[in-house]
Amino acid sequence: MNLVKPQQSILSKQESGKASLLDSGEDFEMLDDDEIDDDPPLEDAGGGKKTKKEPAEDQDASPSSLVDEWMDILGNGQLRKKVLRAGNGPDSRPTKGQNVVIHLKTSLADGTLIEEQPELSFTLGDGDVIQALDLTVQLMEMGETALVQADAKYAYGALGSLAPEVLPSADLALEVQLLDATEAPDLELLSPQERVALAGQKRERGNVYYQRGDYAFAVNSYGFALQITESSSKVDISPEEEEELMDIKVKCLNNMAAAQLKLDHYEAALRSCVSVLAHQPDNIKALFRKGKVLALQGEYADAIRNLKMALKLEPSNKTIHSELSKLVKKHSEQKDAEQAMYKKMLGNPGSGGMQKHQARSSWGVSWKWLFGATAVAIGGVALSVVIAARN
């Protein structure tokens with residue numbers, strides 16, 4: 001049974017000098033937000049379109065209608081492929097989800113060789129390698145050798161890479177030979193340790209994407225890892241192995257929530273946090289991120305409740321203290337604003353009471369004046385009657 005071999009370098013180790021900010025000694029602070037290029041999804045690679053012929057480079061194969069022709073894979077001129085040696089025909093092309101093995105030479109655009117990998121294995125379409133490879137290998141025939149010109153956008157981007165050593169925003173020339181393609185293993189038949197290893201590879205790939213600011217690709221890789229941990233098994237598994245798979249699952253969900261927060265996918269992030277807490281109710285990272293999501297949705301009371309739970313579990317955590325203080329202040333401001341709004345809707349109770357009191361006082365004075373005038377008038381009439389009687 002063929003498993004994907006551990007990835008040797010395409011994206012995996014260039015961040016090895018950084019402390020992980022995810023679920024391996026991760027602090028609660030996120031990386032600064034980075035812009036993500038709106039790259040076409042891998043599904044939309046299509047067959048590409050061919051551009052005009054150019055002079056042949058390193059042609060050492062038998063003639064073919066495709067040899068010497070550049071294929072503009074995405075139609076934007078930033079990812080092009082040219083066949084150097086024809087393969088076994090279109091029917092031999094690999095499909096997404098298969099495990100492929102390639103011989104890869106990575107060079108700068110000026111021809112400077114960076115790295116050669118005689119047998120690089122990866123799962124096609126899973127984002128295990130740079131986009132330039134994921135998009136072009138699925139268009140290659142078995143045995144074919146092709147030259148790929150890749151803009152930095154589809155290679156190592158604006159950050160570059162430490163291993164292999166690639167400068168930021170460097171365009172690449174890739175010579176690729178497709179050696180083998182096999183069906184991916186049946187997850188149900190994998191041994192527990194094989195599942196742990198494969199899920200761990202996908203999670204590490206997601207961590208690399210996260211650290212590079214490619215949050216959508218990070219979510220994609222974490223999703224593949226979760227599928228592996230959650231698949232049913234026809235192989236006996238011990239409680240210890242189940243615990244190991246659960247540990248990877250929880251880490252993937254936690255890191256996925258972090259990436260979803262970066263993408264402003266608040267409902268998805270909330271679901272990821274809830275899933276973690278369903279397995280580990282005292283998971284501090286999940287409580288913290290759930291609180292952040294609720295705060296971003298304006299649910300300050302619930303957010304404060306979750307942060308207080310996290311702080312109770314780790315009282316010395318300064319990040320939780322800081323976030324909680326900010327939320328308490330925002331919640332207080334929200335309540336003050338609501339009270340002011342209610343007063344405005346109902347009118348000013350103090351002013352209304354004063355007006356009523358003044359009205360009652362005015363009526364009391366008028367009534368007393370009328371009663372006194374009436375009494376004087378009656379007294380005058382009585383005096384007149386008495387005087388008239390005497391006369």
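Numbers here simply count residues along the sequence, with the first being 1.
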Worked verdict on E144 versus R93 for side-chain contact (heavy atoms from CB on, under 4.5 Å): CA-CA 10 Å; E144 176 185 328; R93 289 179 178 175; 5.9 Å; no
Could you go through the side-chain contact (heavy atoms from CB on, under 4.5 Å) check for V176 and M140 one step at a time? CA-CA 9 Å; V176 186; M140 295 179 64; 3.9 Å; yes
Walk me through whether R195 and L187 qualify under side-chain contact (heavy atoms from CB on, under 4.5 Å). CA-CA 7 Å; R195 287 173 62 192; L187 296 179; 5.5 Å; no
Test side-chain contact (heavy atoms from CB on, under 4.5 Å) on L324 and K308; report intermediate values, then the result. CA-CA 7 Å; L324 185 57; K308 283 183 176 179; 4.0 Å; yes
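Between the side chain of N283 and the backbone N or O of A286, at least one donor-acceptor pair lies under 3.5 Å. Although no hydrogens or angles enter the test, the distance criterion places a donor-acceptor pair under 3.5 Å between the side chain of E241 and the main chain of S238. Between the side chain of S221 and the main chain of A218, no donor-acceptor pair closer than 3.5 Å is present. A donor-acceptor pair is defined here as one N or O able to donate and one able to accept, closer than 3.5 Å; no such pair exists between the side chain of D180 and the backbone of V100. In terms of modelled atom types and a separation under 3.5 Å, the side chain of N220 and the main chain of A216 share no donor-acceptor contact. A donor-acceptor pair under 3.5 Å is formed between the side chain of E194 and the backbone N or O of S191. Of the possible donor and acceptor atoms, one in the side chain of R212 sits under 3.5 Å from a partner among the backbone N and O of G160. A donor-acceptor pair under 3.5 Å links the side-chain atoms of D134 to the main chain of G127, judged by distance alone. The closest donor-acceptor contact from the side chain of T136 to the backbone of A132 lies under 3.5 Å. Here the side chain of S332 pairs no donor or acceptor atom with the backbone of V328 at under 3.5 angstrom.
From I73, atom CD1 reaches atom CG of L79 across 4.0 Å, with rounding to the nearest 0.5 Å. Here the CG atom belonging to L294 is positioned 5.5 Å from the CG atom belonging to D302, to the nearest 0.5 angstrom. Here the straight-line distance linking atom CD of E204 with atom OH of Y210 works out to 14.5 Å at 0.5 Å rounding. Atom-to-atom distance recorded for T145:OG1 and E175:CD is 6.5 Å, nearest 0.5 angstrom. Interatomic distance, CG of L120 versus CD of E115, reported as 8.5 Å (0.5 Å rounding). Atom-to-atom distance recorded for I114:CD1 and S107:OG is 6.5 Å, nearest 0.5 angstrom.
Hydrophobic clustering (ILVMFWY, side-chain heavy atoms < 4.5 Å, transitive): I248 and F224 are in distinct clusters. Hydrophobic clustering of Ile, Leu, Val, Met, Phe, Trp and Tyr side chains at less than 4.5 Å, counting indirect connections, keeps V235 apart from M246. Transitive grouping of hydrophobic side chains (ILVMFWY, heavy atoms separated by less than 4.5 Å) brings L174 and Y156 into a common cluster. Both M309 and L277 sit in one connected hydrophobic cluster of ILVMFWY residues. Membership requires side-chain heavy atoms under 4.5 Å apart, directly or through other members. There is a path of hydrophobic side-chain contacts, each under 4.5 Å, that joins I102 to L139.
Across all their heavy atoms, P168 and A158 have their closest contact at CB-O, 3.0 Å. What you find for I320 and L307 is that their closest heavy atoms are CG2-O, 3.6 Å. A199 and T229 get closest at one heavy-atom pair: CB-CG2, 3.8 Å. For the residue pair H279 and S275, the shortest heavy atom distance occurs at CD2-O, 3.1 Å. Residue R203 comes nearest to A225 through the heavy atom pair N-CB, 4.0 Å, listed as atom of the first residue, atom of the second, then distance. Here the closest non-hydrogen pair linking T95 and L124 is O-CD2, 3.7 Å.
A donor-acceptor contact closer than 3.5 angstrom is absent between the side chains of Q138 and Q98. Looking only at atom types and distance, the side chain of T123 has a donor-acceptor partner in the side chain of N99 under 3.5 Å away. Side-chain polar atoms of Q260 and S272 form a donor-acceptor pair below 3.5 angstrom. Side-chain N/O atoms of N76 and Y154 include a donor and acceptor closer than 3.5 Å.
For L179, the side chain to side chain contact (heavy atoms under 4.5 Å, CB included) partners are V101, H103, E119, Q177, not counting sequence neighbours.
The closest side-chain heavy-atom distance from L270 to K290 is below 4.5 Å. Under the 4.5 Å side-chain criterion, counting only non-hydrogen atoms from C-beta, Q78 is in contact with K153. Contact of the E244 side chain with the Q193 side chain is registered, since non-hydrogen atoms from C-beta on lie closer than 4.5 Å. E116 has its side chain out of reach of T106: every pair of non-hydrogen atoms, C-beta onward, lies at least 4.5 Å apart. Two residues are said to be in side-chain contact when any heavy atoms from C-beta on lie closer than 4.5 Å; V276 and L287 fail this criterion. Side-chain contact between F288 and N317 is absent, with no heavy-atom pair separated by less than 4.5 Å.
Aromatic ring centres of Y215 and Y209: separated by at least 6.0 Å.
By the 6.0 Å contact criterion, CD on E165 is open, its count of non-hydrogen atoms from other residues, nucleotides or ligands being 12 or less.
Residue pairs meeting the salt bridge (Lys or Arg N to Asp or Glu O under 4.0 Å) criterion with at least one member in residues 224-236, sequence neighbours excluded: E188-K234, E230-K249.
A salt bridge between D128 and K202 is present, with a side-chain N of the basic residue lying under 4.0 Å from a carboxylate O of the acidic one.
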